[in-house]
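Position 1 is the first residue of the sequence; numbering continues from there. All of these numbers come straight from a predicted model, not from anything done at the bench.
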Amino acid sequence: MSEEPLRQPEPSADPAAYLGLLARGAAVEAYDRPVLLARAGGAGPAALAELDRAKQLALRVRAELEGRRRREAELSALFETAHDLAGLRDLDAVLRAIVQRARSLLGTEVAYLSLNDPAAGDTYMRVTEGSVSARFQQLRLGMGEGLGGLVAQTARPYVTESYFDDERFLHTRAIDSGVRDEGLVAILGVPLTLGSQVIGVLFAADRRARVFEREQVALLGSFAAHAAVAIDTANLLAETRSALAELERANGIIRAHSGVIERASGVHDRLTELVLRGGGVHDVAAAVSEVLGGTVAFTEGPPPAECADGHATRHGDDWVAAVSAGGEVLGALVLRGHPDLDPVDQRTLERAAMVTSLLLLARRSAGEAEQRVRGELLDDLLDAPERDRRLLKERAARLRTDFDAPHVVLAARLDRPAPPCTEDREGTGRPGSVRRDAVNEDTGREGFAREGSPRDGAERDRGERDRGERDGADRQRLWSAASHLAATRHGLASARDGGTVLLLPLGPGDSAADLARQTARHLGGTLREPVTVGASSPVDAPATRPGDIAPAYAEARRCLEALHLLGRSGEGAAASDLGFLGLLLADTRDIAGFVTRTIGEVVAYDRSRGTDLVRTLDAYFASGMSPVRTKDALHVHVNTVAQRLERVGRLLGPDWQSPHRVLEIQLALRLYAMSAAVTR
């Protein structure tokens with residue numbers, strides 16, 4: 001029995017494939033692929049015919065969709081252009097946007113816009129997009145020349161597929177050279193018209209032969225209409241602004257003449273009001289700035305010599321009036337931005353300088369009085385704390401100082417670098433007992449003079465006087481800066497023991513050490529010289545325990561001296577920053593705090609993990625810091641000792657075996673052992 005051969009199914013072609021091509025916006029060439037695949041697969045004529053009909057329908061749908069997308073893009077561009085015109089601020093920006101959109105939508109390589117110049121009798125390039133030729137971008141055309149001249153003459157759009165072969169318009173050497181440099185071939189030009197007048201031409205061009213469709217000509221014409229509206233709007237705005245500027249200038253002249261008398265009568269009242277309500281120097285400057293229409297600023301230091309007589313004097317483009325009182329020059333008022341002052345305005349500036357001098361004197365007197373009061377209160381706390389506490393608290397309240405809050409006592413000193421040691425002429429590097437004089441007074445020759453001679457004594461006395469005057473000036477500067485800081489921080493300050501003592505409130509989250517460092521930085525920055533500051537432990541409430549202020553000051557001074565001895569001049573610190581030295585300096589003797597700061601991490605690790613790091617440390621130091629002898633003392637392997645010491649290093653830091661850290665750690669271990677023995 002013979003078997004029939006199996007029949008192969010006829011390949012089919014699915015027209016639905018074109019729906020996928022439409023959905024993903026495939027190129028035109030892709031629409032041939034389904035037919036080619038079906039033919040290659042052996043599809044019959046009927047299937048191929050059906051597939052070809054589907055292809056033609058799909059291409060028609062694609063063309064329709066492409067046209068709609070193009071029209072949507074054109075409408076969107078026209079809408080954006082209209083939006084730009086509605087908020088017109090910069091004509092060049094609007095014209096540039098129009099040319100860019102025209103080039104993009106028409107798909108040309110170049111787009112440009114030219115405007116007529118009636119004064120010069122020609123046309124010039126205003127905006128170009130896609131141009132690469134400098135000659136083309138700077139081209140100026142005579143009226144009636146080139147394609148643009150034809151468009152301007154007829155007020156109708158013109159298009160040429162090949163510029164150099166077109167004889168409908170006048171060719172000139174200048175225009176043809178510019179077009180040839182740019183490489184343009186196909187050019188479309190549409191007129192920019194205002195009413196019946198052509199004011200310019202909008203162009204789109206390609207560097208190859210091309211046929212511009214009717215829809216593209218209409219689109220470029222729409223852009224040209226928008227450009228003409230933009231130019232007309234800008235011209236109207238410019239004319240309006242010019243007219244407004246003229247009116248404003250005329251109005252300004254009228255206001256200036258009519259306001260002179262009014263200003264003169266009102267300035268005096270305004271300055272008087274400022275003084276009566278407690279205004280400051282900057283309030284006076286602001287008021288005069290408003291009155292005179294310039295910028296007035298108060299400057300410290302003496303004014304130029306020609307401006308120091310109290311009268312308003314021209315200095316360059318500025319006006320300067322000296323601020324002085326009793327022969328002392330306190331500064332000057334400087335008026336900028338108003339080079340021309342009439343006599344009334346000059347007297348206004350002079351009157352303002354006089355009021356400023358009165359305010360400065362009043363402020364100086366008030367500041368000095370307040371500083372004295374603050375210093376006296378702090379002196380009473382240090383010297384007579386047994387006085388009536390209620391009265392001390394009331395005095396503090398009047399100075400806006402809260403004695404119920406924690407405070408810190410700070411001892412500050414200006415640490416000027418010591419002068420270099422004077423060497424003898426023999427080159428020993430030590431202060432010499434014998435020095436060489438330039439000329440010996442007795443012999444008239446160069447010679448040697450013994451120390452202790454009358455001249456040496458006079459020089460030494462003069463040097464000591466100079467140093468004394470300098471030290472006194474330094475102390476005064478330090479006290480002044482510290483008093484200002486105390487006033488701004490609602491604390492107290494007083495000059496004492498060759499330096500300054502401050503009593504400042506402790507801010508939330510701050511420690512005494514933080515406050516000391518802040519104060520050292522502030523005072524050092526103000527004086528531009530290093531200021532060393534030592535801090536006491538916090539005094540919880542000076543109102544209830546005024547007797548704690550004097551011991552706290554003694555602790556702050558000990559801390560200050562320790563910083564100086566440690567070579568840390570210009571820094572601020574409290575006893576807690578100085579390790580075991582701070583433990584000795586502090587009145588509180590915070591042994592537990594010292595132990596916690598020094599080996600607290602190790603103790604906590606032992607407690608949480610059940611390890612024996614503290615005992616290992618103790619044995620390590622007792623064994624002369626020898627791991628081998630330590631393992632014998634602990635009866636463990638030397639690797640165990642090494643691992644424990646490595647853990648200690650991670651807890652205490654890599655420098656835990658440095659000499660100063662070793663001393664602190666050993667002391668902390670002894671104190672910890674003693675405290676543990678006491679608590680057992």
Side-chain angles (χ1 to χ4, degrees), residues 280-282 298-302 328-331 359-382 396 399-402 407-418 466-507 510-536 542 549 552-553 556-557 559-561 563-564 568-574:
V281 173
H282 296 292
F298 173 73
T299 60
E300 298 182 356
E328 179 184 2
V329 177
L330 306 175
L359 291 175
L360 289 175
L361 288 177
R363 187 176 67 180
R364 177 191 291 180
S365 299
E368 291 175 351
E370 181 176 345
Q371 289 174 358
R372 284 195 300 272
V373 171
R374 290 180 182 276
E376 290 169 358
L377 177 56
L378 183 52
D379 287 336
D380 287 346
L381 286 170
L382 291 170
L399 295 171
R400 299 182 301 281
T401 299
D402 183 11
H407 280 63
V408 173
V409 179
L410 303 161
R413 185 170 64 199
L414 196 153
D415 281 333
R416 187 190 301 275
D466 292 343
R467 281 193 298 274
E469 292 175 359
R470 185 174 63 249
D471 292 344
D474 288 344
R475 286 194 294 270
Q476 177 65 28
R477 291 170 55 221
L478 177 60
W479 174 78
S480 179
S483 297
H484 179 73
L485 174 63
T488 57
R489 292 288 299 268
H490 304 296
L492 306 176
S494 177
R496 201 175 185 88
D497 299 321
T500 300
V501 55
L502 299 95
L503 180 65
L504 298 181
L506 193 62
D510 283 344
S511 65
D514 294 334
L515 189 56
R517 285 189 286 270
Q518 295 169 14
T519 303
R521 283 196 300 269
H522 179 89
L523 295 179
T526 301
L527 300 178
R528 299 185 182 277
E529 293 192 57
V531 175
T532 310
V533 178
S536 70
I549 301 299
Y553 173 53
R557 288 205 57 202
C559 186
L560 173 65
E561 295 300 333
L563 286 172
H564 183 69
R568 294 173 59 180
S569 296
E571 298 184 21

- Message: Ignoring hydrogens, what is the shortest heavy-atom contact between A493 and A486? Give both atom names and the distance.
- Response: CB-CB, 3.8 Å

- Query: How long is the gap from CG on L492 to CG on L410, to the nearest 0.5 Å?
  - Reply: 11.5 Å

- Message: To the nearest 0.5 Å, what is the distance between CD1 on I549 and CG on D379?
- Response: 12.5 Å

- Drop me the distance from L515's CG to H407's NE2, to the nearest 0.5 angstrom. 10.0 Å

- Backbone N or O of W479 within a donor-acceptor pair of the S483 side chain at under 3.5 Å? yes

- Note on the structure: Heavy atoms of A512 and A535 approach each other most closely as O-CB, 3.7 Å

- Taking every heavy atom of A481 against every heavy atom of T526, the minimum-distance pair comes out as CB-CG2, 4.1 Å

- Side-chain contact test, heavy atoms from C-beta onward, threshold under 4.5 Å: evaluate it for R489 versus Q518 and give yes or no. yes

- Task: Search all heavy atoms of S569 against all heavy atoms of D415 and return the closest pair with its distance.
- Result: OG-OD2, 3.5 Å

- Under 3.5 Å, is there a donor-acceptor pair between the side chain of T500 and the main chain of A495? no

- Using atom types as modelled and distance alone, determine if a side-chain donor or acceptor of S536 lies under 3.5 Å from a backbone N or O of V409. yes

- Is there a donor-acceptor contact under 3.5 Å from the side chain of R477 to the main chain of L527? yes

- Do you know the tightest heavy-atom contact between L523 and A412? CD1-CB, 4.2 Å

- Message: Just to verify, what does A520 make a side-chain contact (heavy atoms from CB on, under 4.5 Å) with, not counting sequence neighbours?
- Response: V533

- dist L503:CG -> L382:CG (nearest 0.5 Å) comes out at 8.5 Å

- Message: With rounding to the nearest 0.5 angstrom, report the CG to CG distance, L502 to L485.
- Response: 6.5 Å

- Message: Rounded to the nearest 0.5 Å, what separates atom CD in Q476 from atom CG in L414?
- Response: 12.5 Å

- Contacts of E571 that satisfy side-chain contact (heavy atoms from CB on, under 4.5 Å) - sequence neighbours left out: R568

